[in-house]
Amino acid sequence: RNFHLLEELAKRLEIKLYLGAEIYLPFKFPALPFENFTIGNKHVLLLEFSPLIDTPIFDHVYNLKHQGYQVVIAHIERYRYLTYDDYSDLKSIGVLFQVNSSSLFKSPFNRYYKIVRKLLKDRLIDIVASDSHNLTNRVPNLDKAFQIIKKNVSLEYAKKITYDIPLLLLE
């Protein structure tokens, strides 16, 4: 109900909203009605896993892909138990990778910077998103991320992973 109220307000600003959820999958595969959590009436699922517990990501992805879902792994840079070969194997079965815009920024506090820059260089990132929960300590900074991608890879790739692919998944 609240989504539909917000959706009506957004229409006045010529903004289209899509309902969706990021699903946390624990070690054991849950019996969830996954169709209730797809993004924008599509068969797209945004999945999050434990960054600390070596979760059977491949098994979970296989189960969902077998059910006909397009899988997007959120915050792919957080799963330090994945090897670079794991990234390649996941990509080979059609999994999309989302990274947080803040992970592209070099800082002493960003422990994901190196892996995200390697994924970026190898063009393994499909979506850059804000993961913004508020405007104080999780600022979106999508424009700054776009500039970094444009400078380090290309304008075309920056457009592809910040606009084109996310739009394709919604429409």
Side-chain angles (χ1 to χ4, degrees), residues 2-25 32 34-49 51 57 60-61 64-65 67-79 82 86-105 110 112-113 115-135 137-171:
N2 289 339
F3 173 78
H4 297 295
L5 293 172
L6 183 60
E7 185 178 39
E8 287 304 314
L9 292 172
K11 281 181 187 174
R12 294 181 195 164
L13 299 171
E14 297 182 19
I15 297 172
K16 178 142 177 65
L17 298 180
Y18 297 89
L19 188 58
E22 179 180 71
I23 306 165
Y24 177 81
L25 290 185
L32 288 175
F34 286 99
E35 66 276 2
N36 293 342
F37 300 101
T38 58
I39 297 175
N41 296 327
K42 293 282 194 162
H43 255 62
V44 176
L45 293 173
L46 180 62
L47 305 180
E48 180 175 19
F49 302 97
I57 291 175
H60 291 349
V61 166
L64 293 168
K65 289 198 66 66
Q67 293 176 45
Y69 292 104
Q70 170 61 63
V71 173
V72 179
I73 298 180
H75 329 294
I76 193 70
E77 69 274 25
R78 291 184 183 172
Y79 315 116
L82 291 177
D86 290 335
Y87 294 133
S88 297
D89 291 344
L90 286 165
K91 293 301 289 181
S92 74
I93 59 171
V95 174
L96 300 179
F97 294 164
Q98 176 269 325
V99 299
N100 295 341
S101 57
S102 60
S103 295
L104 289 162
F105 310 145
N110 183 358
Y112 308 117
Y113 174 79
I115 188 62
V116 169
R117 286 300 180 104
K118 175 131 179 68
L119 291 169
L120 183 67
K121 180 181 152 265
D122 294 343
R123 296 177 183 237
L124 293 177
I125 298 170
D126 299 290
I127 301 166
V128 174
S130 70
D131 197 35
S132 181
H133 292 223
N134 58 56
L135 297 176
N137 62 346
R138 282 184 133 171
V139 180
N141 285 325
L142 287 169
D143 186 54
K144 184 177 174 185
F146 183 90
Q147 297 306 321
I148 289 169
I149 300 161
K150 183 174 89 169
K151 179 182 175 191
N152 289 280
V153 184
S154 71
L155 173 61
E156 293 75 27
Y157 188 61
K159 286 179 182 176
K160 180 179 176 180
I161 65 177
T162 60
Y163 182 77
D164 296 338
I165 291 175
L167 187 61
L168 276 173
L169 291 176
L170 295 171
E171 297 182 340

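Any value given below was found using the heavy atoms of this structure, including those in side chains, with hydrogens, waters and symmetry copies removed.
The two residues S130 and L142 make their nearest non-hydrogen contact at N-CD2, 3.9 Å. Shortest non-hydrogen contact noted between L96 and Q70 is CG-NE2, 3.5 Å. Nearest approach of L46 to A74, heavy atoms of both residues: CD1-CB, 3.6 Å. Here the closest heavy-atom approach between residue L155 and residue K150 is recorded as CD1-CD, 3.6 Å.
Around NZ of K65, the count of heavy atoms belonging to other residues, nucleotides or ligands within 6.0 Å exceeds 12.
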Anything under 3.5 Å between a donor and an acceptor, one on a side chain of residues 157-165, the other on a protein residue two or more places apart or in another chain? List them.
residue, atom, partner, partner atom, Å
Y157, OH, I125, N, 3.2
Y157, OH, I125, O, 2.6
T162, OG1, A158, O, 2.6

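Y87 is linked by a ring-ring contact (aromatic ring centres under 6.0 Å, His included) to Y84, F97, counting only residues two or more places apart in sequence or in another chain. Not a single ring-ring contact (aromatic ring centres under 6.0 Å, His included) links F146 to another residue, sequence neighbours left out. For Y79, the side-chain contact (heavy atoms from CB on, under 4.5 Å) partners are E48, F49, I57, I73, H75, I76, Y81, L82, not counting sequence neighbours. Not counting sequence neighbours, the partners of D131 by the salt bridge (Lys or Arg N to Asp or Glu O under 4.0 Å) test are R78, R138. Residues satisfying the salt bridge (Lys or Arg N to Asp or Glu O under 4.0 Å) test with K118, not counting sequence neighbours, are D122.
Checked against L64 for a side chain to side chain contact (heavy atoms under 4.5 Å, CB included), the options V95, I23, L47 give a single hit: L47.
No side-chain heavy atom of N110 sits under 4.5 Å from any side-chain heavy atom of E77.
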